Student: 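Before I ask anything, let me first share the structure, which is written out below as structure tokens.
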Amino acid sequence: MNLFTHFRDQIAELITELAQAGELPEGLDTSRITVEPPRDASHGDVTTNAAMLLAKPAKKSPRDIAALLAAKVEGLAGVTGVEIAGPGFINMRVGTDFWQARLRDILDAGTAYGDSAAGADQKVNVEYVSANPTGPMHVGHARGAVFGDALAALLEKAGYDVTREYYINDAGSQVDVLARSLHLRYLEALGEDIGEIPEGLYPGDYLVPAGKILANRDGDKWKDADEADWLPVIRDFAIDAMMDMIRDDLAALGVKHDLFTSERTLVQGGKVDEALDFLKEQGLIYEGILEPPKGKLPDDWEEREQTLFKASAFGDDVDRPVAKSDGSWTYFATDMAYHLDKYRRGYADMIDVWGADHGGYVKRMNAAIKALTGGEGVLDVKLCQMVSLMDNGEPVKMSKRAGTFVTLRDVVDKVGKDVVRFIMLTRKNDAGLEFDFTKVQEQSKDNPVFYVQYAHARVNSVMRMASEELGAGPISDDAIHGANLGRLMDENELALIKLMSQWPRIVESAAVQHEPHRIAFYLGELAAEFHGLWNKGNKDKGLRFIISDDQELTLARLAMIRGVANVIASGLKVFGVTPVEEMR
RNA sequence: GCGCCCGUAGCUCAGUCGGAUAGAGCACCAGAUUCCUAAUCUGGGGGUCGUGAGUUCGAAUCUCGCCGGGCGCACCA
């Protein structure tokens, strides 16, 4: 259970009771009341701002309301002390048996601890990665991939019905370039000397194997054919080959999708016409001429009439073109159709994970969603900032031309998927992230992955030691579940249990805010609390987890640290990181 | 020129839909190992939260101006 929402509900009831008794006005808005852990532990275990928020509408002083409420709060189950502090905070202390019961919850739930029904099975669509199918994924893609994957898992844990989606940009001119690039590699495979890859085509040698496969399959069928004949065939072949490669890269990183949606299929299925017709009916599409951008003019600027979407009526700065001069749709037009399609598939809640270089695109997409869904659809675009690759404090130089281009696969092969995933999630998405090859492989507390993993491994290490010490074979789950948790009375132990008890609240708030990084910080905190308690055992032997002449207490403490391992494993599961049993 | 994001300790960053004396790690200084992994821990110094106003019981958080940095700015995706 989330103990804060638990008390929040109870306090809301008390307010209703007070209203019925005539002590407070009826119908007060309690929705903005928060119940949280106080910043300073000396203020107790749980605090609420209820009195201060109700002061104005109830026309009483915060302290008076606090006094009324405090008298009632004192009677709540688990509450052992209530104080009114500062401008009107109501601080509560909660008894040891309450905390022991929370540990019981954790042990019973296992890694399911923290699962929440807050999302109420609401459908959410998370679109992430969506890298163009023109080459292997590079490190920049990894961040968005991991972020989207973890956000999806987090939302699932918080009770949302999540679909993970990949949008394949296979309709623009870049896939024609891909096809021409592959055609060259195909000629090469047939034994022709193709020389240097011309400017404007993709030079990467990742197309070489695909060229060979194509040559084997089709022989010299396309050798002297017109481009108009071979382009569609080779394009399809190339896109499939690139998507296979991307899927392999994603699999190496442990990133999964439920659904791959093709832009080309949308266009061919008439979805863009449908979306545009829908907007036309509302008079939101027109032929017009855009003002040139202020300041520096693009070199090739020319005034021309275009088909425009009235984005400015929905919060965008200017209206946006939907058709190119050759008559094909702009990327924006197909993207509108795609989002309308998602909405019509039942996703009023959409999350897109994009690279920061697409930031200028957010407003127009939000404008489009408003127009297309009549304000019913909500899009949250999460922009992931750049990852700077470092090696021992020095920037890693990358150049596509020199071939020192670091692919996602290179990074995963070098440091492992768990490290890549965790590090990518240690920063807010809109903050830049430094990824230092040397640091992330270090086994020290500078390295957050290691630090958290070590705490989990340490629990297991203690379990192994305890088995030997107690001489009764491995500690069974039954023994842990049968432990007398009433023996956990020390303030250090209770502090650890209190921190563990925050996990459900962390999950809910991180899910609602779409901020998986909060979990990384929480896990670091929990690991620190655990390592701290472990070390206290050095100074004070009475605080060690294993007390050889008190089996009951030992089992209780083992149950407690099993709880720590459960919570860490529960968090790492959201991140898609495997908890380790042993450090090597 | 316009839009979006960012500005918190020497460095890297947290900071709960506005809450109490602004936190953590690194670095620096001083300590802890007959002991469950010292791969760890304890303590200390270090801040006009870029800046100036406003909103209110209360602002790092919300609003506006300014300064500094990143990204983007018609027919690319």
Side-chain angles (χ1 to χ4, degrees), chain A residues 4 31-32 34 36-40 43 47 49 52 55-56 61-62 85-89 91 130 132 134 169 171-175 263 289-296 298 300-304 306-308 316-326 328 330-332 334-335 355-363 383 385-386 426-428 430-432 434 442-448 450-451 453-455 457-459 461-466 468-469 505-506 509-510 512-513 517-518 520-521 524-525 528 531-539 541 544-547 557 561 582-583:
Chain A
F4 300 98
S31 65
R32 288 182 58 238
T34 59
E36 343 175 280
R39 183 176 292 176
D40 186 340
H43 291 137
T47 187
N49 61 358
M52 286 160 328
K56 199 173 274 181
S61 84
F89 289 102
N91 296 333
S130 302
N132 289 339
T134 54
N169 297 136
S173 52
Q174 84 285 358
V175 286
E263 181 185 4
I289 296 169
L290 284 178
E291 298 266 309
K294 301 251 160 53
K296 206 168 55 182
D300 54 348
W301 172 266
E302 56 177 279
E303 204 174 76
R304 91 165 69 77
Q306 298 182 97
T307 310
L308 300 168
D316 200 359
D317 308 311
V318 291
D319 294 341
R320 304 291 180 177
V322 295
K324 301 184 206 168
S325 38
D326 68 359
S328 64
T330 60
Y331 178 79
F332 177 54
T334 56
D335 217 7
D357 52 343
H358 291 58
Y361 202 76
V362 175
K363 268 193 182 179
L383 295 177
Q385 277 292 342
M386 300 276 297
T426 52
R427 290 281 179 270
K428 241 182 330 207
D430 51 14
E434 210 172 85
E442 240 168 52
Q443 301 206 333
S444 77
K445 63 183 166 188
D446 300 0
N447 179 353
F450 171 79
Y451 188 75
Q453 287 282 32
Y454 179 42
R458 199 172 223 180
V459 169
S461 164
V462 174
M463 291 291 173
R464 287 190 294 271
M465 290 301 296
E468 282 178 35
E469 188 79 24
R505 179 175 181 274
I506 300 289
S509 67
V512 168
Q513 307 287 329
H517 76 277
R518 293 187 186 202
F521 281 90
E525 242 178 84
H531 286 311
L533 184 50
W534 193 95
N535 270 275
K536 283 204 171 95
N538 288 333
K539 212 172 273 174
K541 293 192 178 172
R544 290 194 187 175
F545 302 132
I546 300 171
I547 307 289
R557 289 184 175 169
I561 63 172
E582 211 176 341
M583 304 305 288

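Labels below follow one simple rule: chain letters A, B, ... track the order of the sequence lines, proteins then strands, and each chain is numbered from 1. Predicted, not measured: the structure shown is a model, and the values here were computed from it.
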Student: Nearest whole Å is fine: how far is B/C57 P from A/R32 CZ?
Tutor: 12 Å

Student: Between B/A24 and B/C41, how many Å separate the two C1' atoms, rounded to a whole number?
Tutor: 15 Å

Student: I want to check something: taking the side chain as every heavy atom from C-beta on, are A/L533 and A/F545 in contact at a cut-off of under 4.5 Å?
Tutor: yes

Student: For B/A59 and B/C2, measure between their P atoms and round to the nearest Å.
Tutor: 31 Å

Student: Within this structure, what is the CG-to-P distance between A/D335 and B/A77, rounded to whole angstrom?
Tutor: 11 Å

Student: For A/K536 and B/C36, is the shortest distance between a side-chain N/O and OP1 or OP2 below 4.0 Å?
Tutor: no

Student: For the backbone of A/R505 and the side chain of A/S509, can you confirm whether one donor and one acceptor N or O come within less than 3.5 Å of each other?
Tutor: yes

Student: Between B/G45 and B/A30, how many Å separate the two P atoms, rounded to a whole number?
Tutor: 15 Å

Student: For RNA chain B, report each stem as range with range, ordered by first number, or say none. Use Watson-Crick or G-U wobble pairs under 3.5 Å, at least 3 in a row.
Tutor: B:1-7 with B:67-73, B:10-13 with B:23-26, B:28-32 with B:40-44, B:50-54 with B:62-66

Student: The side chain of A/D357 is closest to which nucleotide in this list: B/U40, B/G72, B/A74?
Tutor: B/G72

Student: Between B/A14, B/C41, B/U16, which one does the side chain of A/Y451 approach most closely?
Tutor: B/C41

Student: Reckon A/G432 touches a base, only the sugar-phosphate, or nothing at all at heavy-atom distances under 4.0 Å?
Tutor: sugar-phosphate

Student: With A/Y451, which residues qualify under ring-ring contact (aromatic ring centres under 6.0 Å, His included), at least two apart?
Tutor: A/H531

Student: Any base atoms under 4.0 Å from A/V362, or only sugar-phosphate, or nothing? Heavy atoms, all strands.
Tutor: nothing

Student: Pick out the pairs of N or O atoms, protein on one side and nucleotides 6-9 of chain B on the other, that lie under 3.5 Å.
Tutor:
none

Student: Using atom P of each nucleotide, how far apart are B/A9 and B/C13 to the nearest Å?
Tutor: 11 Å

Student: Taking for each residue the nucleotide of RNA chain B bearing the nearest heavy atom, is the 5' side occupied by A/G537 or by A/P321?
Tutor: A/G537

Student: Of all the choices, B/A77, B/G15, B/C13, which nucleotide is nearest to the side chain of A/H517 once you look at every atom?
Tutor: B/G15

Student: Using the P atom as the reference point in each nucleotide, state the distance between B/A77 and B/C62 in Å, no decimals.
Tutor: 36 Å

Student: Between atom CH2 in A/W534 and atom P in B/U37, what is the gap in whole Å?
Tutor: 6 Å

Student: Counting N and O atoms only, with roles assigned by atom type, does the side chain of A/T47 sit under 3.5 Å from a partner on the main chain of A/P38, one being a donor and the other an acceptor?
Tutor: no

Student: Which part of the nucleic acid, if any, lies within reach of A/S328 when heavy atoms closer than 4.0 Å are counted: base, sugar-phosphate only, or nothing?
Tutor: nothing

Student: Could you tell me whether A/G532 contacts a base, only the sugar-phosphate backbone, or nothing, with contacts defined as non-hydrogen atoms closer than 4.0 Å?
Tutor: sugar-phosphate

Student: Can you name the residues that form a side-chain hydrogen bond (donor to acceptor under 3.5 Å, both in side chains) with A/N132, not counting sequence neighbours?
Tutor: none

Student: Could you tell me whether the phosphate oxygens of B/C17, OP1 or OP2, come under 4.0 Å of any side-chain nitrogen or oxygen in A/Q513?
Tutor: yes

Student: Taking it one step at a time, do A/W534 and A/R458 satisfy side-chain contact (heavy atoms from CB on, under 4.5 Å)?
Tutor: CA-CA 9 Å; A/W534 193 95; A/R458 199 172 223 180; 3.3 Å; yes

Student: Do you know the tightest heavy-atom contact between A/M52 and A/P62?
Tutor: CG-CB, 4.0 Å

Student: Looking only at side-chain N and O atoms, does A/T334 offer a donor or acceptor that is under 3.5 Å from a partner on A/E263?
Tutor: yes

Student: Looking at B/U16, does its base get a donor-acceptor pair with the side chain of A/R505 below 3.5 Å?
Tutor: yes

Student: Measuring from the side chain of A/N132 (C-beta onward, heavy atoms only), which nucleotide among B/G3, B/U34, B/A77 has the closest atom?
Tutor: B/A77

Student: Any side-chain N or O of A/R320 less than 4.0 Å from the OP1 or OP2 oxygen of B/G3?
Tutor: no

Student: In whole angstrom, give me the gap between the C1' atoms of B/G18 and B/U55.
Tutor: 11 Å

Student: How many whole angstroms separate atom OH of A/Y331 from atom P of B/A74?
Tutor: 17 Å

Student: Roughly how many Å is it from CZ in A/R544 to C1' in B/A38, rounded to a whole number?
Tutor: 14 Å

Student: Can you tell me if A/S461 touches the phosphate of B/C36, counting only side-chain N or O atoms and a distance under 4.0 Å to OP1 or OP2?
Tutor: no

Student: For A/R427 and A/K363, find the nucleotide of RNA chain B closest to each by heavy atoms; which residue's nucleotide sits nearer the 5' end?
Tutor: A/K363

Student: Which nucleotide, B/G3, B/C71, B/U37, lies nearest any side-chain atom of A/M465?
Tutor: B/U37

Student: For the P atoms, the ones on B/C66 and on B/G1, what distance do you get once it is rounded to whole angstrom?
Tutor: 11 Å

Student: Output the rounded distance in Å from CD (A/Q174) to P (B/C75).
Tutor: 14 Å

Student: Looking at side-chain heavy atoms only, is the closest gap between A/N535 and A/N538 below 4.5 Å?
Tutor: yes

Student: Hey, can you tell me if A/H517 and A/F521 have their rings parallel, tilted or perpendicular (30° and 60° cut-offs)?
Tutor: perpendicular

Student: So which nucleotide from B/U34, B/U16, B/C36 ends up closest to the side chain of A/R518?
Tutor: B/U16

Student: When the P atoms of B/G52 and B/A38 are considered, how many whole Å apart are they?
Tutor: 49 Å

Student: Do the side chain of A/R557 and the main chain of A/R544 share a donor and acceptor less than 3.5 angstrom apart?
Tutor: yes

Student: Counting primed atoms plus P, OP1 and OP2 as sugar-phosphate and everything else as base, spell out the protein contacts along nucleotides 19-32 of chain B at 4.0 Å heavy-atom distance: B, S or - for each nucleotide, 5' to 3'.
Tutor: BB-S---S------

Student: Are any side-chain N or O atoms of A/Q513 and backbone N or O atoms of A/R518, one a donor and one an acceptor, separated by less than 3.5 Å?
Tutor: no

Student: Could you give the CG-to-C1' distance, from A/N169 to B/A77, as a whole number of Å?
Tutor: 6 Å

Student: Got a sec, which residues hit side-chain contact (heavy atoms from CB on, under 4.5 Å) with A/L383, two or more places apart in sequence or on another chain?
Tutor: A/W354, A/V362, A/V381

Student: Among the candidates B/U16, B/A39, B/C75, find the nucleotide nearest to the side-chain atoms of A/S325.
Tutor: B/C75

Student: Starting at CG of A/L308 and ending at P of B/A74, how long is that distance when rounded to a whole Å?
Tutor: 13 Å

Student: Is the closest side-chain heavy-atom distance between A/R464 and A/E582 below 4.5 Å?
Tutor: yes

Student: Establish, yes or no, whether the cationic atom of A/R320 lies under 6.0 Å from the six-membered ring centre of A/F332 and within 45° of the ring axis.
Tutor: no

